[in-house]
Amino acid sequence: MTKQHKYPFGKIEKKWQKIWEKTGLFEAEDFSSKPKQYILIEFPYPSGDGLHVGHARSYTALDIISRKKRMEGYNVLYPIGWDAFGLPTENYAIKKGIHPAKVTERNIKIFKQQLKSLGLSFDWSREVNTTDPKYYKWTQWIFLQFFKAGLAYQAEMPINWCPSCKIGLANEEVIQGKCERCGAETEKRQIKQWMLRITKYADRLIEDLNHVDYPDKIKTQQINWIGRSEGTNLKFQIQSASWRTKFQISVFTTRVDTIFGVTAVVLAPEHSLISNIKYQISNWNEVEDYIKKAKVKSDLERAMLSEAPTLARGEIGGPTASRVGQKTGVELKGIKIANPLNNQEVSLWVGDYVVATYGGGSVMVVPAHDQRDFDFAQKYNLPIIEVIKSVSNHRGAERGPNGELLEAFEEKGVLINSGDFTGLNSEEAIKKITNWLAERKIGGLQINYKLRDWIFSRQHYWGEPIPIIHCPKCGVVAVPENDLPVELPYVKKYQPTGTGESPLAQCEDWLKVKCPKCGGPGRRETDTMPNWAGSSWYYLRYTDPRNKHCFADFKKLEYWLAPARQSPKGVGGVDIYNGGMEHTTLHLLYSRFWHKFLYDQGLVPFDDPYTRRHSHCMVLGESGEKMSKSRGNVVNPDEIVEKYGADVLRIYEMFMGPFDQPVIWSAKAIEGMNRFIIRIYNFYKNHKFHNEADIDKEVKTKTHQLIKKITEDLDGFKFNTAMAAFMEYFNFVEDEAEKFDLENAKTFLALIAPFMPHLAEELWQSLRSTANYESNTNILITKRKKIKIRSIFEEKWPAYD
RNA sequence: GCCGCUGUGGUGAAGUUGGUAAACACGCAGCACUCAAAAUGCUGUGGGUGCGACCCCUUGUCGGUUCGACUCCGACCAGCGGCACCA
């Protein structure tokens, strides 16, 4: 019977964490001659809930990659910092009466201690914090570059307003049309906001996805979000029997080939033209009433109304009218407009199904060839004119007994009833009609995007102040760069004001400032930035976190963001970036935008920030539901570390399931990983390793198969199967213990080291007496004695034959 | 509605240039150790009949290609995620 050692994980783990830190083993070196590798996790928001096992999972995965890369001879940068501005902290501060800065400081302290207990090989010397004035000075500075380039501007924008809290809410704070805090239904309010012109980069944000290595899922999500669509814009002249104006209505369509089928034009309720022509509208009262109601309608209501009406089932092959919902509208009576192609008179309407911020907020209605238009026409008895015929082998639209359409025919085909254009196919017709319009200067090619400019203002306290001064004489003036940072004043009242303004508006001393241009009395901008600001460029700061003269030295950026050897098409950037899918159309898109802007300004050397993106998934509670305090199913990583040690937590989180799929926590399954680690520990403590390599071919073969498996699995982020391979191998080792020699024992430790760093380092060092060490590179000086350490992480990653 | 993903034992899951389905782990059952329990070790464990070798069935459903399909093709069903009146 072999002796059962107690596995003193607490002692071992603390010991090595301390030694690694003191020797600076994981600190990255600028301009090292080794090839660089920049590995990044999305820096955490230090919430009051503390670290989640989900954080631990993704950070461990990238830690494994980082440690392996170091063993492969790379100069690895694996940094950490804090994304600490934002609402959860502000809300907590208001609730508990503790200043957000204090809350943040405390939370960071807790997070830091938790992260350190996991044995993650972060380079702590490069720690950044978005709420540190030394950091947000540069967030503000970058904002000013946007401002100077004309990409930051102010505009009246509808925001979400909570009538109960009397506060403006960000979209993230509105859950299904209701206020996140009090549950009241939100309304829209027009407020002057700072905007960033992300739409200017829409094409490049799509185009450049071709050069980066992101999962297709992320690429398509970004492409769909940006929503590029090519079409034609054209103008309808307003006319009526008694009166003619210079007003025109611009509409956007992707199907200008159906132009001869237009029977109405519908404007969004917010369309500015309506009030301009109100004296010509004979039913103005009715129209005004409709517009008012539409404005009060919350997003929730609009969404509800657009839900498909439930149809009686069983009508197989019947018209699929369930695609569209109820549409309402009011005709602007007394106004007639003309189809520019044939001067046919059509009616003008207002309807809240028309999106105000897209395509000019107006739509031409072609009932025969668009299902939404068909529904609208049916409801209000608009004429339906067919102008597209399906080509022979296509099935046409469903028809009633008299040949009337029962649904729209949306496919392309051949034009009929279309004047000179009759007989053309849709593709040709689109080109020719667009040209025809362009020649007469009443239309032309147009590209539209679903992407809107980024609303960059928040009326909250806990964010970076926008570095702008309002002067009655000079208007909007940038804070001079020498005066940065504009520090967030330490105020007592950071509660919302109730007026819709930021709490900073109450801060009289801070507000009053001389205009930098004329020296007259000015007033500071009181809006702060959204919490996406600081995270849009933090990966740049890690390359040079203490720089006082610029956000990062260009040479350092060049070194750390250089195209790595395996990077596709020589694109530079962070080599591996891991994060959540939920940031695909927010953080990930925002930071790509900022980076491209900085590239255009000549401030960064490459035009996309991340070469390769990986995404993790959620760690769910035992019930398969999301972990939450209210469900009481939250697993605290501290408890796991205390009970089993960090290495057990690490390998369990890797073994749970595929890295990019959601996984369910199991308190039972973790026991298996605990057994595995104890088995390894005991085996190495008890076994007499002989030093006769190659004595057994079978073990050697298995070892090399294992090296290959682990190396390849790590390249493919397949941590779960790597873990299975370790266990399979070790089961064999235990069965054939006498054949397991020193050489193979060392190789096994090297392979498990990235996964179980503390255990591997401990066992490695205890094998030292039998191993031949060359030079010792790190010298740790303690009070008692000098310890010469050559860490297992300075060993070479095994190569397979 | 559109886009994307997923579907394999009691559970988490392996396995895809098409070649012994269920590796690895959890759980469960039996045995050993123990006065007993825990821990540990050994054995078994997809389903069905059987003491047993064996035999039959099995990767959401139906069909196709193939000597051979979890894997490829088509249709459908269910679940998850994102977008959603974008003209």
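Lettering of chains follows the sequences in order, A, B, ..., and the numbering in each one begins at 1.
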Inset, instruction - Kindly label the base of B:G4 as syn or anti, based on whether its glycosidic torsion lies within 90° of 0. - result: anti

Legend entry - Identified pairing partner of B:U34, criterion: Watson-Crick or G-U wobble below 3.5 Å: none

Legend entry - Reported OH-to-CD1 distance for the pair A:Y201 and A:I226, which is rounded to 0.5 angstrom: 13.5 Å

Legend entry - Side chain to side chain, A:L267 and A:W349, heavy atoms closer than 4.5 Å: no

Inset, instruction - With P as the reference atom in both, quote the distance from B:G47 to B:A22 in angstrom, rounded to an integer. - result: 14 Å

Legend entry - Span that lies between the P atom of B:C77 and that of B:A25, in whole angstrom: 40 Å

Inset, instruction - When you get a sec, tell me which of B:C26, B:C83, B:A23 is the closest nucleotide to the side chain of A:A669? - result: B:C26

Legend entry - Residue A:W225, side-chain heavy atoms: nucleotide from B:C83, B:G41, B:C24 that is nearest: B:C83

Legend entry - Validation row, ring centre A:Y380 to ring centre A:F376 under 6.0 Å: yes

Inset, instruction - Answer with base, sugar-phosphate or nothing: what part of the nucleic acid does A:T585 contact at a heavy-atom distance below 4.0 Å? - result: nothing

Legend entry - Sidechain N-carboxylate O distance under 4.0 Å for A:D715, A:K68: yes

Legend entry - Residues A:E42 and A:R613 bridged, charged N to O under 4.0 Å: yes

Inset, instruction - Provide the distance between the two P atoms, one in B:C57 and one in B:C73, to the nearest whole Å. - result: 27 Å

Inset, instruction - Identify the nucleotide, in any strand shown, that forms a Watson-Crick or G-U wobble pair with B:C51, with both distances under 3.5 Å; if there is none, say none. - result: none

Inset, instruction - If B:U66 has a Watson-Crick or G-U wobble mate with both distances under 3.5 Å, name it; if not, just say none. - result: none

Inset, instruction - Mind checking A:K450 for me? I need base, sugar-phosphate or nothing, with any heavy atom below 4.0 Å counting as a touch. - result: base

Inset, instruction - Using a heavy-atom cut-off of under 4.0 Å over every strand shown, decide if A:N731 touches base, sugar-phosphate, or nothing. - result: sugar-phosphate

Legend entry - Euclidean distance for P, B:U61 against B:A78 (whole angstrom): 15 Å

Inset, instruction - Hunt down the Watson-Crick or G-U wobble partner of B:U71, both distances under 3.5 Å, from any strand shown, or write none. - result: none

Legend entry - Contact under 4.0 Å: A:T220 side-chain N or O vs B:G82 OP1/OP2: no

Legend entry - Options B:U40, B:A87, B:G82, nucleotide nearest the side-chain atoms of A:R675: B:U40

Inset, instruction - Taking the side chain as every heavy atom from C-beta outward, state whether A:Q222 and A:R592 have any pair of such atoms under 4.5 Å apart. - result: yes

Legend entry - A:K702 NZ/CZ over A:F732 ring centroid, <6.0 Å and within 45° of normal: yes

Inset, instruction - Pick the C1' atom in B:G9 and in B:G1, then give their distance to the nearest Å. - result: 37 Å

Inset, instruction - Using Watson-Crick or G-U wobble geometry with both distances below 3.5 Å, tell me the partner of B:G9, or none. - result: none

Inset, instruction - Decide, yes or no, whether a salt bridge links A:K668 with A:E671 under the criterion of side-chain N to carboxylate O below 4.0 Å. - result: no

Inset, instruction - Would you classify A:S666 as touching base, sugar-phosphate or nothing, given that sugar-phosphate means primed atoms plus P, OP1 and OP2, and contacts are heavy atoms under 4.0 Å? - result: nothing

Legend entry - Nucleotide of B:U40, B:A25, B:A23 approaching A:M673 most closely (side-chain heavy atoms): B:A25

Inset, instruction - Take atom C1' in B:C54 and the same atom in B:C35, then report the distance between them in whole Å. - result: 45 Å

Legend entry - Of A:A725 and A:G227, the one whose closest RNA chain B nucleotide lies more 5': A:A725

Inset, instruction - Determine the Euclidean distance between corresponding C1' atoms of B:A38 and B:A32; express it in Å to zero decimal places. - result: 15 Å

Inset, instruction - Output the single nucleotide from B:C85, B:C3, B:G82 whose closest atom is nearest the side chain of A:N224. - result: B:C3

Legend entry - Watson-Crick or G-U wobble partner of B:G4, both distances under 3.5 Å: B:C80

Inset, instruction - Could you let me know what B:G18 is paired to, Watson-Crick or G-U wobble, both distances under 3.5 Å, or none if it's on its own? - result: none

Legend entry - Donor/acceptor link under 3.5 angstrom from A:K217 side chain onto base of B:C5: no

Inset, instruction - Give A:R679 one of three labels, base, sugar-phosphate or nothing, depending on what nucleic acid heavy atoms sit under 4.0 Å from its own. - result: sugar-phosphate

Legend entry - Span that lies between the C1' atom of B:C72 and that of B:U16, in whole angstrom: 10 Å

Legend entry - Note: A:E712-A:K708 ion pair, threshold 4.0 Å (strictly below): yes

Inset, instruction - Check every atom of B:C24, B:A87, B:G82 against the side chain of A:Q221 and return the nucleotide holding the closest atom. - result: B:G82

Legend entry - Sugar-phosphate or base contact per nucleotide [nucleotides 7-22 of chain B; S, B, -; heavy atom under 4.0 Å]: -----BSSS-------

Legend entry - Minimum-distance nucleotide (side-chain atoms of A:E728 versus B:A87, B:A25, B:C24): B:C24

